S.K.: 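To start, I am sharing the structure in question, which I have written as structure tokens.
Computed from a predicted structure; not experimentally measured. Values reported hereafter were calculated over all heavy atoms of this structure, with side chains retained and with hydrogens, waters and symmetry mates removed. Proteins come first, then strands; the chains are lettered A, B, ... in the order of their sequence lines, and each starts at number 1.
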Amino acid sequence: MEDKTEQAVYEALPALLLPWYAENARDLPWRHSREPYRVWVSEIMLQQTRVEAVIGYYNRFMAAFPTIYALAEAEESRVLKLWEGLGYYSRARNLQKTAKQIVDDFDGVFPDTAEALEKLPGIGAYTAGAIASICFECPSAAVDGNVLRIMARITADDSPIDLPATKRKIGAALEKVYPKGRCGAFTQALMELGACVCTPKSPGCTACPVQTLCAAHRENAVQSFPVKLPKAKKRVEERTVFLLRCGGETAICRREETGLLAGLWQFPNCAGALTVEEAVRWAEEHGVQPVGLFRSVHRTHIFTHIRWEMIGYLLDCAAKSADFVWAGREALTEAYALPTAFRMFLEDI
DNA sequence: AAGACGGGGGC
DNA sequence: GCCCCAGTCTT
């Protein structure tokens, strides 16, 4: 099996992967149908998100919005609430933007080529390839982290997989060997192998259907691939969070429409670590007449690029300022999309 | 090319 | 604590 050209290695993939996938495919909710709407929603949810984390969200989302028309007509706040805790909230906004566009411009029918799909909000090269191959049997590669890792190992390619050029090269090579009539299965077989066998750590090489093809395995260097660029380090931000309580209700407000956690709800907060005296003054300036500090709590939340060190002050107040929306625990839990960074304070109030 | 953009699970 | 996940968009 040595000295195969890279082209020959790629060409051998479908015959090895397809039978393996037929035997080993997991039963996942979005594999029950090839309906573009269902596949699309699953692919968006799966961006940078593990299968296990998605399953519950996917089932709830489909129950709430069974068709693209239901999604297009829904209140945005309801879409965001169903996305609460899943992260990367622009995905939810783009999802509905695209639903409206497909309903309004295409009479509810999805484009059936990767090129056309990629023009839609939230659909990039990966998602376009996934939908085109799975729903329409197009030979369009879906190059995600799994595929990058698999191909870097099989070809012992030491070019950093973070580079767009690496991704394009692998996608182009794959598209030449997509098996006619089995494109959807081939796309999913690749990802299934990456998720279940060719994993980042301790890959299951002994159970791998393409072991005989794998240069990294042959060189006993599977752990050396893929090569990745060094990551930027995250910055630390101190914030003060105000848990203002009055008459059994707590103050919340909406975040800016752009940027971090765009358009979601939050407890009032400001930059910096205020002392309790400064916090009381801040509350007074916002018209809530703080009458007592119940307690203070410290919480940390880590985003991809920022670490929030938060000090939360629970202040009992004598007035409900119109600067905020006031919500009881029931509404806090069920009506407002509160991201994890703030939801973690629910146990304190 | 680099940074913004969430959150959770595995070790 | 670090890694990394069925990525996309903006600058």
S.K.: Please give, in whole Å, the distance from B/dG6 P to A/H301 NE2?
M.R.: 9 Å
S.K.: Any base atoms under 4.0 Å from A/K228, or only sugar-phosphate, or nothing? Heavy atoms, all strands.
M.R.: sugar-phosphate
S.K.: Starting at atom CD1 of A/I306, determine the distance to atom P of B/dG3, rounded to an integer number of angstrom.
M.R.: 13 Å
S.K.: Quick one: A/L174 CG to C/dA6 P, roughly how many Å, whole number?
M.R.: 17 Å
S.K.: I need the NZ-C1' distance between A/K234 and B/dG7, as an integer number of Å.
M.R.: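 Atom NZ in A/K234 sits about 11 Å away from atom C1' in B/dG7.
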S.K.: Within less than 4.0 Å of OP1 or OP2 of B/dG3, is there a side-chain N or O belonging to A/H305?
M.R.: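 No, A/H305 has no side-chain N/O under 4.0 Å of OP1/OP2 on B/dG3.
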S.K.: Contact class for A/L163 vs. all strands (heavy atom < 4.0 Å): base, sugar-phosphate, or nothing?
M.R.: nothing
S.K.: Please tell me which of A/E192 and A/I302 maps to the more 5' nucleotide of DNA chain C, matching each residue to the nucleotide holding its nearest heavy atom.
M.R.: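 Closer to the 5' end of DNA chain C: A/I302.
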S.K.: Pick base, sugar-phosphate or nothing for A/G85, based on heavy-atom distances below 4.0 Å to the nucleic acid.
M.R.: sugar-phosphate
S.K.: Measure from CD on A/Q47 to P on B/dG7 and round the result to the nearest Å.
M.R.: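 In whole Å, B/dG7 P lies 16 Å from A/Q47 CD.
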S.K.: Roughly how many Å is it from CH2 in A/W40 to P in C/dA6, rounded to a whole number?
M.R.: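 Atom-to-atom, A/W40 to C/dA6, this comes out as 21 Å.
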S.K.: What's A/R26 touching, base or sugar-phosphate or nothing? Going by heavy atoms closer than 4.0 Å.
M.R.: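 If one applies the 4.0 Å heavy-atom cut-off, A/R26 turns out to touch a base.
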S.K.: Taking donor-acceptor contacts at under 3.5 Å, does the side chain of A/T340 reach the base of B/dG8?
M.R.: no
S.K.: Tell me, with the steps shown, if A/Y178 and A/T187 meet side-chain hydrogen bond (donor to acceptor under 3.5 Å, both in side chains).
M.R.: CA-CA 9 Å; A/Y178 255 69; A/T187 285; 2.7 Å; yes
S.K.: Could you list all N or O pairs between the protein and nucleotides 9-11 of chain B that sit under 3.5 Å apart?
M.R.:
none

S.K.: With a non-hydrogen cut-off below 4.0 angstrom, is A/W83 in contact with a base, only sugar-phosphate, or nothing?
M.R.: nothing
S.K.: Check the distance between C/dA6's P and A/L46's CG and give it to me in whole angstrom.
M.R.: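 Spelled out: CG on A/L46 to P on C/dA6 is 8 Å.
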S.K.: Within the 4.0 Å heavy-atom criterion, would you say A/L261 contacts the bases, only the backbone, or no part of the nucleic acid?
M.R.: sugar-phosphate
S.K.: For DNA chain C, determine which residues of residues 125-149 of chain A have any heavy atom closer than 4.0 angstrom to one of its atoms, and list them numerically.
M.R.: A/A125, A/Y126, A/T127, A/D144, A/G145, A/N146, A/R149
S.K.: Any side-chain N or O of A/Y88 under 4.0 Å from OP1/OP2 of C/dC5?
M.R.: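 Answer no for this pair, as no side-chain N or O of A/Y88 is under 4.0 Å from OP1 or OP2.
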S.K.: Quick one: label A/F303 by what it contacts on the DNA or RNA (base, sugar-phosphate, nothing), any heavy atom closer than 4.0 Å.
M.R.: sugar-phosphate
S.K.: Rounding to a whole Å, what distance do you find between A/K167:NZ and C/dA6:P?
M.R.: 13 Å
S.K.: For a quick check of understanding: with a heavy-atom distance under 4.0 Å over all strands, which category does A/L264 fall into, base, sugar-phosphate or nothing?
M.R.: nothing
S.K.: Treat a base pair as Watson-Crick or G-U wobble with both distances under 3.5 Å, then lay out DNA chain B in dot-bracket form, 5' to 3', with | for cross-strand pairs.
M.R.: |||||.|||||
